[in-house]
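To start, the structure itself, in structure tokens.
Order of listing sets the numbers, starting from 1, for every ligand and every atom in it. Quick caveat: nothing in here was measured; it's all calculated off a predicted structure.
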Amino acid sequence: MAIFGFGRKDKPATPADPPAEPATERPRGILDRLRAGLAKTAQVLKTDVRDLFKREGRLVDEPFLEELRAALIRTDMGPAAAEAIVADVRERLRARVVDPDVVLDSIRTQLLARLAPAEAGLKVAATGPTVILVTGVNGSGKTTSIAKLARRFTRDGKRVVLGAGDTFRAAAVEQLALWAGRLGAEIVRGEPNCDPASVAHRTVARAVEGGFDVCIVDTAGRLQTQSNLMQELGKIRRVIAKQIPDAPHETLLVIDATAGQNALSQAKGFKEAAGCTGIVLAKLDGSARGGVIVPVAEQFGLPVKFVGVGESADDLEAFDPGAFLAALLEGALADGG
Ligand SMILES: Nc1nc2c(ncn2[C@@H]2O[C@H](COP(=O)(O)OP(=O)(O)O)[C@@H](O)[C@H]2O)c(=O)[nH]1
Ligand SMILES: [Mg+2]
């Protein structure tokens, strides 16, 4: 069975070793970490929106609004959100002289209304282990996101077992094993190229018998268009559900925030064919187009559970629309000249 690479032209063929933990202490606080992670997108908004005001005494006229729309589109927030912001600015400010902060405030209000419904906590088991299945295309950040999730749980004193369900590449198993060792989690692995459903089965069995709190199962990357591989995810889910009826409690889709419009077809495909229940939007820190979270959150009724903002195990934040927008736009206000 072939797995086709996707969006990895700049990546080596084998998964990267987990990066070394940073020597310096990371910035404390959610907002600080989000700010650092969203700096590139914030920069686009800051620079582009402020550039609109370079001519002194500039009025909010149609050419201004067209330039504003183009700047918003450059963040990948999608035409609907961009149009709503433009309409709001037009309505409130037409033919008046405004300053950038008024426009940024409109951006915040409009985006908050769109992102708020996408906020949802992680579903956990009432009793017994919580089972999380992690899916996505090659290189989207699945294994790293699993490490980050494990870190959150172990920090809370939970016992975690990881399932090395990406059985196609030995290096993928090693990558997960390295993280498991580092995070103090147990790992269940199978023979190379064995059925990933059997690894999932054994991982859940280990979680139950060992009294673990959380069990997170990795999977090989696949495209939403590969129907046989999407069916394989269905099989993995059924095997898990046979052991624990309401499991997997979450089937997360990890999307690379730099994937552009393909992020949307991934969300659609994985929701429909693999029963995904939520999204982890990874690599926001590497993207100037973090606005893609808006159409991803809006179009498919899939909540955004977490955002990934770096390569270390601490670089995962529960998605909080207010904090997200504060990091994006307050940074723009504070740093602007
Ligand atoms: N900058 C950044 N890199 C990330 C993030 N998540 C994953 N990566 C990197 O993306 C690459 C692929 O990640 P990996 O977890 O192996 O992807 P997988 O193939 O989906 O399991 C690795 O080099 C990771 O370190 C993130 O949130 N930010
Ligand atoms: Mg992987």
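- Side-chain atoms of Asp315 come within 3.5 Å of backbone N or O of Glu311 as a donor-acceptor pair.
- The atoms of ligand 1 that sit less than 4.0 Å from any heavy atom of Asp285 are 1 (N), 2 (C), 26 (C), 27 (O), 28 (N).
- Here's the thing with Lys142: one of its N/O atoms is less than 3.5 angstrom from an N/O atom of ligand 1.
- Of the N or O atoms in Asn138, none lie within a sub-3.5 Å distance of an N or O in ligand 1.
- Residue Ser145 has no nitrogen or oxygen atom sitting less than 3.5 Å from a nitrogen or oxygen atom of ligand 1, judged on distance alone.
- Annotation for ligand 1: atoms under 4.0 Å from non-hydrogen atoms of Gly308 are 27 (O).
- Using a 4.0 Å cut-off between charged nitrogen and carboxylate oxygen, Lys148 and Glu317 do not count as a salt-bridge pair.
- Counting only distance, with no hydrogens or angles, the side chain of Ser287 and the backbone of Leu284 share no donor-acceptor pair below 3.5 Å.
- In this comparison of Thr144, Val307, Val137, Val254, the heavy atom closest to atom 24 (C) of ligand 1 sits on Thr144.
- The N/O atoms of Gly310, backbone and side chain alike, include one that comes under 3.5 Å of an N/O atom in ligand 1.
- Note on Thr143: counted as a metal contact of the Mg ion (ligand 2), an N/O/S atom lying under 2.8 Å.
- On a distance-only criterion, Gly141 and ligand 1 share at least one N/O pair closer than 3.5 Å.
- On a distance-only criterion, Asp315 and ligand 1 share no N/O pair closer than 3.5 Å.
- Residue Ser140 places a heavy atom less than 4.0 Å from ligand 1.
- Under a 4.0 Å N-O distance rule, the pair Arg189/Asp166 does not qualify as a salt bridge.
- By the side chain to side chain donor-acceptor pair (under 3.5 Å) test, Glu250 pairs with Thr277, Lys305, sequence neighbours left out.
- Residue pairs meeting the salt bridge (charged side-chain N to carboxylate O under 4.0 Å, His left out) criterion with at least one partner in residues 192-217, sequence neighbours excluded, are Glu186-Arg206, Asp195-Lys235, Arg206-Glu209.
- Judged by distance alone, with hydrogens and angles left aside, the side-chain atoms of Asp218 form no donor-acceptor pair with the main-chain N or O of Ala164 at under 3.5 Å.
- Residue Gln266 forms a side chain to side chain contact (heavy atoms under 4.5 Å, CB included) with just one option from Thr225, Val296, Thr135, Val137, and that option is Val137.
- Heavy-atom separations between Gly139 and ligand 1 include at least one value shorter than 4.0 Å.
- Listed by number with element, the atoms of ligand 1 under 4.0 Å from a non-hydrogen atom of Val309 are 27 (O).
- Between Glu232 and Arg222 there is a salt bridge, since a side-chain N of the basic residue sits under 4.0 Å from a carboxylate O of the acidic one.
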